[in-house]
Amino acid sequence: MGKTLYQKVWEAHTVGTLPDGRTQLFIATHYVHEVTSPQAFAMLRDLGLPVLHPERTFATVDHIIPTDNQTEPFADPRAAAMLNALRRNCAEYGVRFFDLPSGRQGIVHMIGPELGITQPGMTIVCGDSHTATHGAMGAIAMGIGTTQVRDTLATQTLALSPLKVRQVRVEGTLRPGVTAKDVALHIIGLLGADGGLGYAYEFAGSAIEHMDMDGRLTLCNLAIEGAARCGYVCPDETTFAYLKGRPFAPVGAAWDAAVERWKSFASDADAVYDDVVRIAAEEIEPTVTWGISPDMSVGIGGVVPAPADAADEEKRAARRAALEYMKLSAGQPIKGLPVDVVFIGSCTNGRISDFRAVAPLLRGRRIAPGIRALAVPGSQMTARQCEQEGIAQIFRDAGFEWRLPGCSMCLAMNPDKLEGAQICASTSNRNFKGRQGSPTGRTLLMSPLMAAATALTGCVSDPREVFPSLATDQQ
């Protein structure tokens with residue numbers, strides 16, 4: 001009987017079985033940032049313990065970093081204190097830190113793949129729920145809590161129980177204007193925000209195989225929003241081409257040996273899954289959320305659903321609460337809904353391919369009057385590419401605020417926040433109440449293509465209508 005990638009990677013990193021039945025799992029790569037690591041390092045210090053394998057931990061600063069002005073000291077003393085604490089901890093324990101002057105700083109889930117640190121067959125953890133992103137490279141990647149950050153630093157292992165594996169197959173060809181973000185939102189809407197509890201998601205099928213690596217990273221980034229602890233794509237030639245030549249990738253004979261080993265981790269053709277879900281790629285529309293959970297979404301041609309149409313009272317109550325908070329009405333078309341702010345960025349959609357896709361569509365155009373639009377590259381590497389290719393200037397000319405790298409308006413831990421009941425068209429990953437900094441702010445999750453179209457029109461728009469060239473470009 002064949003095995004899944006999840007089973008192969010788990011077995012390759014198993015140190016032993018604990019008396020309670022959990023696996024003591026070796027962690028190949030550990031990422032830390034400024035928010036969830038200070039307490040973990042403090043616990044190590046209190047216990048008098050070193051970091052066992054500092055060469056396997058990589059640090060960056062992303063959540064609290066301002067994106068308008070990164071001159072120090074920061075205006076926010078708490079942000080300055082968190083950055084300086086990470087600097088001290090990394091220096092004391094010998095952890096590599098991609099600090100602001102390094103040229104390699106950025107959102108933790110962007111710089112790992114960009115630098116080639118994230119590789120197939122790894123076990124990867126970070127004190128951040130969107131660690132699932134790294135699964136796009138053919139790794140098992142999971143978010144962990146602060147005490148588990150401590151345990152990983154101290155022992156390079158964690159006590160974990162294996163998950164079930166659900167294969168999500170997307171077969172066929174995506175229609176013009178439909179992106180990986182739309183695929184992810186469609187899957188979450190279909191399976192539910194809690195549908196993945198207890199599962200790892202293996203994304204497969206011809207539509208996934210034809211996605212570029214950045215698209216796969218977006219897809220796996222959102223696995224956790226469907227409650228899957230991790231999501232992954234089996235490594236293939238697309239993976240290897242992406243990794244080749246990156247700073248931390250193997251070279252020479254070591255590269256050839258690595259590729260052969262990476263290939264062996266892909267799921268076997270006769271692997272057995274706990275569940276299989278099949279989705280036709282042609283059925284997926286450009287998708288946008290309307291509520292306060294990522295599974296509250298509709299295709300761009302749809303309407304806000306009625307609470308009475310939900311399957312049970314719990315879901316009906318959730319819809320009523322969402323409608324009240326979002327100030328929407330059942331049956332209201334989602335297309336044409338006015339917005340105040342547009343945000344293109346985050347670890348979900350702040351990659352070079354996102355900006356490359358949007359820039360030609362914005363050239364020579366201006367955002368709608370009254371719209372505030374932010375474009376925030378997710379890493380210093382991506383920011384440099386955007387400047388070199390003229391992308392950043394296109395965004396500036398279109399009326400966007402072109403920002404420095406960071407998590408920015410994805411969450412309310414830096415100065416980029418909504419005000420009052422503003423409604424934001426966002427390429428980020430969460431639309432929870434207050435997520436973007438205002439207790440009454442409202443978030444609509446969507447792809448960069450739809451966000452760009454929305455910025456130009458001032459209301460939620462179908463990118464295929466605003467940018468007719470999309471149909472030609474994707475032929």
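If you check the side chains of Thr179 and Asp182, you find a donor sitting under 3.5 Å from an acceptor. Side chains of Trp262 and Thr239: a donor-acceptor N/O pair is absent below 3.5 angstrom, by distance only. Between His33 and Thr60, the side chains place no donor N or O within less than 3.5 Å of an acceptor N or O (distance only, hydrogens not considered). For the residue pair Ser379/Gln105, the side-chain donor-acceptor check at 3.5 Å is not satisfied.
Formation of a donor-acceptor pair under 3.5 Å by the Gln436 side chain with backbone atoms of Leu411 is not found in this model. Formation of a donor-acceptor pair under 3.5 Å by the Thr287 side chain with backbone atoms of Glu285 is found in this model. Between the side chain of Lys8 and the main chain of Ala266, a donor-acceptor pair closer than 3.5 Å is present. Judged by distance alone, with hydrogens and angles left aside, the side-chain atoms of Ser293 form no donor-acceptor pair with the main-chain N or O of Met296 at under 3.5 Å. Judged by distance alone, with hydrogens and angles left aside, the side-chain atoms of Gln156 form a donor-acceptor pair with the main-chain N or O of Ile27 at under 3.5 Å. Side-chain N or O atoms of Thr427 include one that pairs as donor or acceptor with a backbone N or O of Gly345 at under 3.5 Å. Remark: side-chain polar atoms of Thr382 are not paired, donor with acceptor, to backbone N or O of Gly378 under 3.5 angstrom. Looking at Thr4, its side chain never comes within 3.5 Å of a backbone N or O of Ser267 through a donor-acceptor pair. Looking at Arg229, its side chain never comes within 3.5 Å of a backbone N or O of Ala141 through a donor-acceptor pair. Of the possible donor and acceptor atoms, one in the side chain of Asn414 sits under 3.5 Å from a partner among the backbone N and O of Ser408.
For CZ of Arg356, the number of neighbouring non-hydrogen atoms (other residues, nucleotides, ligands) closer than 6.0 Å is greater than 12. Annotation: Glu389, atom CD; neighbour count of heavy atoms from other residues, nucleotides and ligands within 6.0 Å is above 12. In Glu314, the CD atom is not crowded: 12 or fewer heavy atoms of neighbouring residues, nucleotides or ligands sit closer than 6.0 Å.
Residues Pro286 and Val178 approach most closely at CD-CG2, 3.7 Å, considering heavy atoms. Nearest heavy atoms, Ala139 versus Gln119: CB-O, 3.8 Å. Of all non-hydrogen atoms in Pro235 and Leu5, the two that sit nearest each other are CD-CD1, 3.5 Å. Across Gly291 and Ala322, no two heavy atoms sit closer than the pair CA-CB, 4.1 Å. The nearest pair of heavy atoms linking Arg464 to Ile300 is NH2-CG2, 3.7 Å. Contact detail for Met137 and Tyr242: the closest heavy-atom pair is CE-CD2, 3.6 Å.
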Check: What's the verdict on side-chain contact (heavy atoms from CB on, under 4.5 Å) for Asp416 and Arg403, showing C-alpha distance, side-chain angles and the deciding distance?
Finding: CA-CA 10 Å; Asp416 299 345; Arg403 296 301 195 96; 3.1 Å; yes
Next item on the list: Start with the C-alpha gap between Asp99 and Arg87, add the side-chain angles, then the distance that decides, and say whether salt bridge (charged side-chain N to carboxylate O under 4.0 Å, His left out) holds.
Entry: CA-CA 8 Å; Asp99 202 346; Arg87 284 173 174 156; 2.6 Å; yes
Notebook entry, point to check: Where do Val341 and Met409 land on the side-chain contact (heavy atoms from CB on, under 4.5 Å) test, with the steps shown first?
Noted result: CA-CA 10 Å; Val341 180; Met409 200 173 271; 3.8 Å; yes
Note to self: Between Thr348 and Asn221, does the side-chain contact (heavy atoms from CB on, under 4.5 Å) criterion hold? Intermediate values first, please.
What the structure shows: CA-CA 6 Å; Thr348 311; Asn221 174 273; 2.7 Å; yes
Check: So Leu444 and Met326, side-chain contact (heavy atoms from CB on, under 4.5 Å) or not? Walk me through it.
Finding: CA-CA 10 Å; Leu444 307 174; Met326 295 296 292; 3.7 Å; yes
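Tyr201 is not listed as a side-chain neighbour of Cys220, based on a closest heavy-atom distance of 4.5 Å or more. Phe248 is not listed as a side-chain neighbour of Leu243, based on a closest heavy-atom distance of 4.5 Å or more. Residues Val170 and Ile284 meet the side-chain proximity criterion, which asks for heavy atoms closer than 4.5 Å. In this structure, the side chains of Glu225 and Leu222 come closer than 4.5 Å at one or more pairs of heavy atoms. Proximity of Ile292 to Asn431: side-chain heavy atoms (C-beta onward) are nowhere separated by under 4.5 Å. Counting heavy atoms from C-beta outward, Thr157 and Thr152 have side chains that stay 4.5 Å or more apart. For the pair Arg435/Cys410, a side-chain contact is recorded, criterion being any heavy-atom separation below 4.5 Å from C-beta on. Counting heavy atoms from C-beta on, the side chains of Asp295 and Leu185 never come closer than 4.5 Å.
A salt bridge between Lys181 and Asp354 is absent, with no side-chain N of the basic residue lying under 4.0 Å from a carboxylate O of the acidic one. Between Arg319 and Asp309, none of the side-chain N atoms (NZ, or NE/NH1/NH2) sits under 4.0 Å from a carboxylate O, so this pair counts as no salt bridge. We find that Arg104 and Glu114 are not joined by a salt bridge, their nearest charged nitrogen and carboxylate oxygen being 4.0 Å or further apart. Note on Glu55 versus Arg96: no salt bridge recorded, every NZ/NE/NH1/NH2 to OD/OE distance being 4.0 Å or above.
Atom NE2 of residue His30 and atom OG1 of residue Thr131 lie 8.5 Å apart, to the nearest 0.5 angstrom. For the atom pair NZ (Lys3) and CZ (Phe265), the distance works out to 11.5 Å, reported to the nearest 0.5 Å. A distance of 6.0 Å separates NE2 of His134 from CD1 of Ile124, quoted to the nearest 0.5 Å. If you take CG on Leu163 and CG on Leu197, they are separated by 10.5 Å, rounding to the nearest 0.5 Å.
For residues 14-37, the set of pairs meeting the salt bridge (Lys or Arg N to Asp or Glu O under 4.0 Å) definition, not counting sequence neighbours, comprises Asp20-Arg22. For residues 194-216, the salt bridge (Lys or Arg N to Asp or Glu O under 4.0 Å) pairs, not counting sequence neighbours, are Arg216-Asp236. The stretch residues 238-262 participates, sequence neighbours left out, in these salt bridge (Lys or Arg N to Asp or Glu O under 4.0 Å) pairs: Glu260-Lys263.
Here the two rings, on Phe355 and Trp402, have centers that are under 6.0 Å apart. Taking the six-membered ring for Trp, Tyr31 and His109 have ring centres at least 6.0 Å apart.
Ring-plane geometry between Phe395 and Phe400 is classed as perpendicular, the angle between the planes exceeding 60 degrees on a 0 to 90 degree scale with a lower cut at 30.
Geometric assessment of Arg166 against the ring of Tyr199 yields a positive cation-pi assignment under the 6.0 Å and 45° thresholds.
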